[in-house]
Amino acid sequence: MTNRGKIAVGGVAVGLLLWWLTSFWIALLVIVGVPAIAYLALDPSQRKRLRRVTRKEIGS
């Protein structure tokens, strides 16, 4: 399994655990909020490079 696959499986597991332990809205806030904060913490040049790489992988 690739590193991305392991991260995805871990994220789903943590999300389900949070959902089970807390309310739905708190779990949703963590699942959506953590990646959003991580993206906003990047420099503008890093965000631009990330968008370019993501589009290249999609094939645009």
Student: Give me the other members of the hydrophobic cluster that L17 sits in, counting Ile, Leu, Val, Met, Phe, Trp and Tyr linked by side-chain heavy atoms under 4.5 Å, directly or via other members.
Tutor: W20, L21

Student: With S23, which residues qualify under side-chain contact (heavy atoms from CB on, under 4.5 Å), at least two apart?
Tutor: W25, I26

Student: In terms of hydrophobic clusters joined by side-chain contacts under 4.5 Å, are L42 and L40 together?
Tutor: yes

Student: Quick test of your reading: applying side-chain hydrogen bond (donor to acceptor under 3.5 Å, both in side chains), list the pairs with at least one residue in residues 26-45, sequence neighbours left out, ordered by first then second residue.
Tutor: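 Sorted result for residues 26-45: Y39-R51.
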
